[in-house]
Amino acid sequence: MADNNNDVINDILNQLDNAKKNEAEVKPVQEKTEEKVVKPAAEAVHREAPAVRPVQKHTERPQQTEGARQDASAAPGQPRPPRPRPRMDEAAPVRSNAAVKRNAAHHKKKKKKRRRSRLPGVLILTVSIFAVSICLSLVIIAFGKDMFGIGKDDTTKMIFVKENTNTEQMSQQLYEEGIINSPKCFQLFSKFRKTPDVYLPGEHFVSPNMAYETIIDTLTNEEKEEQKESVNVTFPEAITLYKAADLLEQNGVCSASDFMFYFNAGGYGYEFENKLNKNTNTLRFADTRMEGYLFPDTYTFTKEMDPEQVCQKIYFNFDQKLTDERIKRMESLHLSLDQLITLASIVQAEAPNREDMNLVASVFWNRLEHEDAETVGMLQSDPTKNYVKDTIRPHMTVINNDILKAYDTYQTKGLPPGAICNPGLDAIDAVLEKKPSDYYYFIANIYTQKTYFSKTNDEHLQNTAMVKADEAQYEAEQAAREAEEGTDE
């Protein structure tokens, strides 16, 4: 029994020695890693060393597990002995300082990467919101400026409203005329008005700098204006611009000088203006630059009317007469609009009726296209010489002989630089018809209004002598009648 006790004591002492050795080995590791490790429980082993129990004889028992044996070793009614601690020679896992740093850097990099991955999305969203806000602001500002006419042109423009025009049609027409920038905005504004919009047919004058409210009031006649006295003015065919200006001044419509300035300035946005020559002939008389584009007709004006409105009414009428068919025919003849109106003005001044106009136009066509003929491409029209003498020269501040010569078709080949009067539709259509003939000459009796055409110069001389004799006879008879009337008195 004593031997057994000694063996147990020796085992305990050996365990204590091993624990001290393990403790001595673990301390250097703790200093290197600077990490906490499980301290050896040597002292605990001393304190909790199991009590020496007498060794009992072994008897054959059923094989038990280690835990079962431990449970069974406790006597009934006594506390269960503590389970053995893990062996101290098995050190806890130790993490080096480098590993800790790598792990911390990895987590830091991962967090930073996560933050960076979110940054592009946030930037895109912010920029998108900012861009949408700017676009909406610009749209609202643009609509507001259009609605109130802010920063827009103040030029008055005449528009013609057709019968039974609705708001959608009216807004589209105003947009095409350059008065408003947004038909939809105009329709929305009109929709929220308390009164229905009934647009009155006829001529109206509006300008882009007008607010929507003012435009609607003007077109619906809701705005009560002082009624001015109206006046009808008739411009006969072959009238010149200077005579037309004097006629307007005589009727109290506007001053002659204002009319001449605004009519020649043009730029009212009508379609025919786009077909005018951009590079004006330097020999063209500037004071009558738009000669030929005052369409002969009867116009209704008002007393002391704005000269720009007067000009627009006349421009509008000419634009309506220059139909697509006439433009197509003009282009097929390789004529510019200036050439068409210039030639038509000479035909208008030479012939009294449409039938004669067709043949007079054919004479000029033949002269223009056959320069090898006796006329060598010269029109030799008396009205062109008279226009130089009666219209251009009296209104020249400084005499320019080059301009005077260019308008005189007895001195210059081809067409003059500009029209010599304002032709009507018959003269324009006569030029466009381009009736074929063999005539190169004509002469008209100013008293009988009969025109004689000839193919050669010899025939023309004979017709001229006959016409002169008839005119002389007519003048003699007229003088005799006047003498008899004077005697009777």
Side-chain angles (χ1 to χ4, degrees), residues 128-228 230 262 265-276 299-302 305-324 327:
S128 299
I129 294 174
F130 188 68
V132 170
S133 301
I134 292 177
C135 292
L136 288 175
S137 300
L138 292 175
V139 169
I140 293 172
I141 292 172
F143 282 166
K145 291 175 68 175
D146 190 48
M147 185 181 300
F148 294 103
I150 300 173
K152 299 175 68 177
D153 188 13
D154 60 351
T155 302
T156 303
K157 188 173 182 64
M158 191 193 79
I159 61 174
F160 187 83
V161 179
K162 297 180 180 179
E163 194 79 30
N164 300 323
T165 299
N166 57 33
T167 300
E168 182 178 357
Q169 295 170 336
M170 192 71 256
S171 64
Q172 189 62 33
Q173 183 178 353
L174 291 171
Y175 172 74
E176 293 174 356
E177 296 286 353
I179 305 300
I180 63 173
N181 297 330
S182 174
K184 293 294 183 182
C185 187
F186 184 87
Q187 294 171 23
L188 185 63
F189 180 87
S190 180
K191 183 178 180 180
F192 284 102
R193 281 170 55 90
K194 296 181 180 179
T195 56
D197 299 331
V198 180
Y199 301 99
L200 300 178
E203 300 171 350
H204 299 275
F205 290 94
V206 294
S207 62
N209 68 340
M210 284 183 175
Y212 284 180
E213 185 74 25
T214 307
I215 293 174
I216 294 175
D217 288 344
T218 301
L219 299 177
T220 58
N221 204 28
E222 291 181 0
E223 185 179 16
K224 303 300 181 182
E225 296 182 350
E226 181 183 356
Q227 295 295 326
K228 295 182 179 180
S230 61
Y262 287 106
Y268 299 110
Y270 291 99
E271 188 175 350
F272 81 88
E273 293 183 83
N274 298 326
K275 300 185 181 300
L276 299 176
Y299 296 84
T300 301
F301 303 112
T302 60
M305 191 172 183
D306 187 333
E308 286 188 277
Q309 296 182 6
V310 174
C311 296
Q312 287 192 51
K313 288 177 72 75
I314 300 172
Y315 269 55
F316 175 79
N317 194 16
F318 183 91
D319 194 66
Q320 296 296 306
K321 298 299 187 292
L322 195 66
T323 60
D324 293 339
I327 293 174

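Quantities reported herein were computed from a predicted structural model and do not represent experimental measurements.
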Give, for atom [atom1] of [X] and atom [atom2] of [Y], the distance between the pair rounded to the nearest 0.5 Å.
{"X": "Q320", "Y": "F160", "atom1": "CD", "atom2": "CZ", "value": "8.0 Å"}
{"X": "L174", "Y": "N181", "atom1": "CG", "atom2": "CG", "value": "11.0 Å"}
{"X": "R193", "Y": "T220", "atom1": "CZ", "atom2": "OG1", "value": "6.0 Å"}
{"X": "I179", "Y": "N209", "atom1": "CD1", "atom2": "CG", "value": "9.5 Å"}
{"X": "Y299", "Y": "M305", "atom1": "OH", "atom2": "CE", "value": "12.0 Å"}
{"X": "H204", "Y": "I215", "atom1": "NE2", "atom2": "CD1", "value": "12.5 Å"}

Atom of [X], atom of [Y] and distance for their closest heavy-atom approach:
{"X": "G178", "Y": "P208", "result": "O-CG, 3.6 Å"}
{"X": "E273", "Y": "G266", "result": "OE1-C, 3.6 Å"}
{"X": "I180", "Y": "K152", "result": "CA-NZ, 3.8 Å"}
{"X": "I216", "Y": "F186", "result": "CG1-CZ, 3.6 Å"}
{"X": "I159", "Y": "M170", "result": "CD1-CE, 3.9 Å"}
{"X": "T300", "Y": "S230", "result": "CG2-CB, 4.2 Å"}

Using the salt bridge (Lys or Arg N to Asp or Glu O under 4.0 Å) criterion, which residues pair with E177? Sequence neighbours excluded.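 Testing E177 for salt bridge (Lys or Arg N to Asp or Glu O under 4.0 Å), a comparison that skips the adjacent residues, returns K157.
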Let's go through V161 and L200 carefully: what are the C-alpha distance in whole Å and the side-chain angles of both, what is the deciding distance for side-chain contact (heavy atoms from CB on, under 4.5 Å) to 0.1 Å, and is it a yes or a no? CA-CA 7 Å; V161 179; L200 300 178; over 6 Å; no
Would the number of heavy atoms belonging to other residues, nucleotides or ligands and lying under 6.0 Å from [atom1] of [X] be above 12?
{"X": "D324", "atom1": "CG", "answer": "no"}
{"X": "Y175", "atom1": "OH", "answer": "no"}
{"X": "K184", "atom1": "NZ", "answer": "no"}

Please name all residues satisfying side chain to side chain donor-acceptor pair (under 3.5 Å) with Y268, sequence neighbours left out, ordered by chain then number.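 Side chain to side chain donor-acceptor pair (under 3.5 Å) check on Y268 returns nothing, list empty.
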For M158 and Y270, run side-chain contact (heavy atoms from CB on, under 4.5 Å): C-alpha distance rounded to whole Å, both residues' side-chain angles, the deciding distance at 0.1 Å, then the answer. CA-CA 10 Å; M158 191 193 79; Y270 291 99; 3.9 Å; yes
Trace of the side chain to side chain donor-acceptor pair (under 3.5 Å) decision for K313 with N317: CA-CA 6 Å; K313 288 177 72 75; N317 194 16; over 6 Å; no
Pairs in or reaching into residues 160-171: which pass side-chain hydrogen bond (donor to acceptor under 3.5 Å, both in side chains), with residues at least two apart or in two chains?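 Listed by first then second residue: S171-Q187.
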Does the pair F189 and E213 meet the rule for a side-chain contact (heavy atoms from CB on, under 4.5 Å), with working shown? CA-CA 9 Å; F189 180 87; E213 185 74 25; 3.4 Å; yes
Should Y199 and Q173 be marked as a side-chain contact (heavy atoms from CB on, under 4.5 Å) after you check the CA-CA gap, both sets of side-chain angles, and the distance that decides it? CA-CA 12 Å; Y199 301 99; Q173 183 178 353; over 6 Å; no
